There are 2 protein chains.
Amino acid sequence: MTRSTGSRDAYHHGDLRRAVLTAALDVIRTDGPAALSLRGLARRAGVSHAAPAHHFKDRAGLLTAIATEGFDLLASTLADAAGLRDAGVRYVRFATDHPAHFQVMFQPDLHHPTDPALAEAKSRAGDRLREAVAEAVDTDDARLAGIAAWSLAHGFATLFLTHNLTDPVGDRAPEDVFSSLTGLLFRT
Amino acid sequence: MTRSTGSRDAYHHGDLRRAVLTAALDVIRTDGPAALSLRGLARRAGVSHAAPAHHFKDRAGLLTAIATEGFDLLASTLADAAGLRDAGVRYVRFATDHPAHFQVMFQPDLHHPTDPALAEAKSRAGDRLREAVAEAVDTDDARLAGIAAWSLAHGFATLFLTHNLTDPVGDRAPEDVFSSLTGLLFRT
DNA sequence: TGCCCCATCTAGGCATTGACAAGTTGGGGT
DNA sequence: ACCCCAACTTGTCAATGCCTAGATGGGGCA
């Protein structure tokens, strides 16, 4: 797997796995996960209709891989957070920067339910979230506070991505709106 | 359309529309919207494979009808709310009581994007939400406070339905957890 | 009471898709 | 130089969405 140029050597695409993932993310971003078809992705990549399945087993396998990648991206995004509010802002920015990942991550009915790689990535991201909460809250109600913080950021991101916040947000960057929103709640 | 008994008169099912909706909600609750098939619903109802399409036009039409019904249910649930916190609790309870509706309501890629009935139901529910916020917050930051409240309740409900709060919540009713969560945030 | 209209449902067909099985290719390791 | 095996192709089948044309019978109207 050295040849990564755009060559179409018939066989050995170069990095078909990445190509399919990228195409899938593009489709999901614009038309949602329901519009995704393995055969369509194969056509985009210029390969035979069964080629994608070789890398992802089946449709659910592809979506599981996307969710896993998403949780890992989220984990590394949260790792650099400076404080709980920044973690929230980063959470929202992650959702707007990677809307396809985000959508798939939180639709478990699209995944292979027992995939170990997904479970690990998920728990890695959860750890980063709990770290951010722990360093900002006294340990007594840390668990409840964590749920509250996660709910707030997740709800905001979800509502924004589902076009339920378009007019209230207007032209402002959603992360900024979220930031001032936390300011209102915690009067920091 | 008087005959609503369980008669299977070959023709004139009685209330096929309701039967299909109910079956669809059942499928969505257990296996998610992706598992929904018009032909499967037709089999459940004991009618021909094209019968459901007559009532809903197509698959997206069925899901649009479910979303519309969901927003109307939500609107009437919020109408009776006593205060903002109660509205939040009711929002969460709605999500857990009607998980299939809730899922479909917030996946716009499954809907007919311009359906007027859906848009109206959506705005009715939005009105109830804004009412609940307006009577609890001074008008200055009502808009932002509304987004905050909605985000909190919506995020909590979404995370719970996607099985991301199972261990933190444990056996407690999710609405109770949400209630104590708002207590922690607003130290009421 | 009788008749006709049309909403409701059936029947058939076509293109697309996911999934599976079996064969082909050719690059890298020994 | 050879062979193994991952990567890809080709072919096929059942299931689905959606379209068109036709059958049925209940309710409204004369």
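Every value quoted in this text rests on a predicted model; they were computed, and no experiment measured them. Lettering follows sequence order; numbering is per chain, from 1.
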Residue B:V47, side-chain atoms from C-beta onward, closest of D:dA7, C:dT10, C:dC20: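 In terms of side-chain proximity for B:V47, the closest of D:dA7, C:dT10, C:dC20 is C:dT10.
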
Phosphate-side-chain proximity, A:H55 and D:dC8, N/O vs OP1/OP2 below 4.0 Å: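 It does, given that an N or O in the side chain of A:H55 lies less than 4.0 Å from OP1 or OP2 of D:dC8.
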
Atom pairs and distances, side-chain donor-acceptor, residues 31-48 of chain B, under 3.5 Å, sequence neighbours left out:
{"from": "B:S37", "atom 1": "OG", "to": "B:G40", "atom 2": "N", "distance (Å)": "2.7"}
{"from": "B:R44", "atom 1": "NH1", "to": "B:D26", "atom 2": "OD2", "distance (Å)": "3.0"}
{"from": "B:R44", "atom 1": "NH2", "to": "B:D26", "atom 2": "OD2", "distance (Å)": "3.3"}

Carboxylate-amine/guanidinium contact A:D127 A:R124, below 4.0 Å: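 Here A:D127 does not pair with A:R124 in a salt bridge, since their nearest N and O are not under 4.0 Å apart.
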
B/S/- contact track for nucleotides 11-17 of chain C, protein heavy atom under 4.0 Å: BBB---S

Rounded distance (Å) that lies between atom C1' of D:dC18 and atom CZ of B:F56: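 From B:F56 CZ to D:dC18 C1': 16 Å.
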
ring-ring contact (aromatic ring centres under 6.0 Å, His included) partners of residues 24-48 of chain A, not counting sequence neighbours, each pair once: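 Those involving residues 24-48 of chain A do not exist here.
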
Ring pair (Phe, Tyr, Trp, His ring centres under 6.0 Å) partners of B:F160, counting only residues at least two apart: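 Counting only residues at least two positions away or on another chain, B:F160 forms no ring pair (Phe, Tyr, Trp, His ring centres under 6.0 Å).
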
Validation row, ring centre A:F102 to ring centre A:H98 under 6.0 Å: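 Judged by ring-centre distance (under 6.0 Å), A:F102 and A:H98 do not meet the cut-off.
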
All pairs passing side chain to side chain donor-acceptor pair (under 3.5 Å) where residues 57-67 of chain B contributes a residue, at least two apart: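 Residue pairs with at least one partner in residues 57-67 of chain B: B:D58-B:H112.
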
Selection: residues 20-35 of chain B, any non-hydrogen atom under 4.0 Å of DNA chain D: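 Under 4.0 Å from DNA chain D: no residue of residues 20-35 of chain B.
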
Closest non-hydrogen atom pair, B:A125 against B:L78: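 Scanning both residues completely, I find the closest heavy atoms to be O-CD1, 4.3 Å.
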
